[in-house]
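These numbers come from a predicted model, not from an experiment.
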Amino acid sequence: YPLCALAVSDERPVSTQSTWVHLCNFNCLSFTMDVEEKKEETGAGIDMDLYSRQIGAFGDETMGKLVKMNIIIYGMRGVGVEIAKNIILAGPASVTIVDDEPAKMVDLNTNFYLTKADVSAGKTRAAACREKLNELNPYAKVEAKTGPLNETLMQDANVVVCTMGRFNEIIKWNLDCREKGRAFIWSENRGCTGFVFSDFGPKFKVLDKDGEPPISNMVIATSA
């Protein structure tokens, strides 16, 4: 369902890093099943040495789609930078980070890439993080862009991850993404709590019947 069907608070205390980012990373990977296939072979262009363990976990098909994905991450506070780090290491085609807010001393509590020099220089959070994020994976293109989150910025994206913004803006971005067939993920920390909202569109299929974890049992004997 789109975000406008839900009701949530617009309170925005300073975000802190938490395990919610792992849910967000998982959601980005989940959407790879809807990324359009190209004619090339699934494994073509993939560094098998670098991604061997991921391929073992995700499979060739999912990994083949992941390396074609273009992702936008809006907000480089604690949650945003952690998501960016993990997604870039996973190996998408590109990650674009957007955050025009100047880095402040308080941001150093949650963003591990920001420094006092960045604050003194008046760098934006996105510009200050780009170089270090870009060093994580030579196969993932990392860009920092400025301006509002709009259609011009999102037009080439498969996934848009939002980690800040006012509620009415987030609803608009969600509806825009839903109309254009993009995945939309919204995640924030609020004190010691957090949340992840995902909208992969009306065609996305959830194959888990009840949300319960699978049960594993060992067979110790059989009888005729």
Side-chain angles (χ1 to χ4, degrees), residues 10-25 27-28 69-170 172-174 176-177 182-192 194-197:
D10 192 33
E11 297 175 4
R12 295 175 54 207
V14 176
S15 66
T16 56
Q17 297 173 39
S18 83
T19 53
W20 290 102
V21 298
H22 299 296
L23 284 174
C24 194
N25 298 332
N27 287 343
C28 282
M69 289 182 69
N70 300 303
I71 301 168
I72 289 178
I73 302 174
Y74 184 71
M76 283 289 105
R77 298 184 299 187
V79 174
V81 72
E82 181 70 18
I83 292 169
K85 173 181 72 71
N86 293 340
I87 290 298
I88 289 167
L89 289 171
S94 72
V95 172
T96 299
I97 57 175
V98 185
D99 191 335
D100 292 341
E101 286 292 319
K104 301 179 180 67
M105 288 301 295
V106 69
D107 293 324
L108 273 61
N109 292 326
T110 56
N111 186 320
F112 42 78
Y113 283 146
L114 295 179
T115 65
K116 292 181 180 179
D118 295 326
V119 177
S120 299
K123 291 184 179 180
T124 65
R125 289 191 291 231
C129 295
R130 193 208 70 84
E131 185 175 349
K132 292 174 183 176
L133 287 171
N134 195 46
E135 294 172 354
L136 295 174
N137 189 339
Y139 296 101
K141 179 182 179 182
V142 181
E143 293 183 292
K145 292 190 177 180
T146 60
L149 193 58
N150 53 29
E151 181 57 31
T152 301
L153 198 61
M154 297 189 292
Q155 61 183 352
D156 296 324
N158 303 110
V159 180
V160 175
V161 181
C162 177
T163 67
M164 66 179 194
R166 300 198 65 81
F167 189 45
N168 59 337
E169 295 174 326
I170 295 169
K172 182 182 183 303
W173 299 331
N174 176 210
D176 289 346
C177 288
R182 304 184 195 101
F184 180 83
I185 299 170
W186 174 31
S187 180
E188 289 190 44
N189 270 151
R190 295 180 175 177
C192 59
F195 61 87
V196 177
F197 168 83

When rounded to the nearest 0.5 angstrom, what is the spacing between CD1 in Ile72 and CD1 in Ile185? 12.5 Å
Do Val160 and Asp176 have side chains that approach each other closer than 4.5 Å (heavy atoms only, starting at C-beta)? no
Of all heavy-atom pairs between Cys162 and Phe184, which one has the smallest distance, and what is that distance? CB-CZ, 4.0 Å
Kindly compute the distance separating CD (Gln155) from CG (Asn150), expressed to the nearest 0.5 Å. 9.0 Å
Residue pair Ala126 / Ala144: nearest heavy atoms and the distance that separates them: O-CB, 3.9 Å
Give a yes or no answer on whether the side chain of Arg125 reaches the backbone of Asp107 with a donor-acceptor pair at less than 3.5 Å. no
For the pair Asp99 and Ile97, evaluate side chain to side chain contact (heavy atoms under 4.5 Å, CB included) and give the outcome as yes or no after the intermediate values. CA-CA 7 Å; Asp99 191 335; Ile97 57 175; over 6 Å; no
So, Asn70 and Ser94: side-chain donor and acceptor under 3.5 Å apart, yes or no? yes
How about Val142 and Ile88: do any of their side-chain heavy atoms sit closer than 4.5 Å? yes
From CA spacing to verdict: salt bridge (charged side-chain N to carboxylate O under 4.0 Å, His left out), Glu82, Lys85: CA-CA 5 Å; Glu82 181 70 18; Lys85 173 181 72 71; 3.5 Å; yes
Any chance you could measure Thr124, atom OG1, to Asp118, atom CG, to the nearest 0.5 Å? 9.5 Å
Heavy-atom side-chain proximity of Leu153 to Tyr74 below 4.5 angstrom: no
Could you walk me through whether Val95 and Leu133 pass the side chain to side chain contact (heavy atoms under 4.5 Å, CB included) check? CA-CA 10 Å; Val95 172; Leu133 287 171; over 6 Å; no
Report yes or no: does Asn111 contribute a side-chain atom to a donor-acceptor pair with the main-chain N or O of Val81 at less than 3.5 Å? no
So, are Glu101 and Arg77 salt-bridged, with charged N and O less than 4.0 Å apart? no
How long is the gap from NZ on Lys141 to OG1 on Thr96, to the nearest 0.5 Å? 7.5 Å
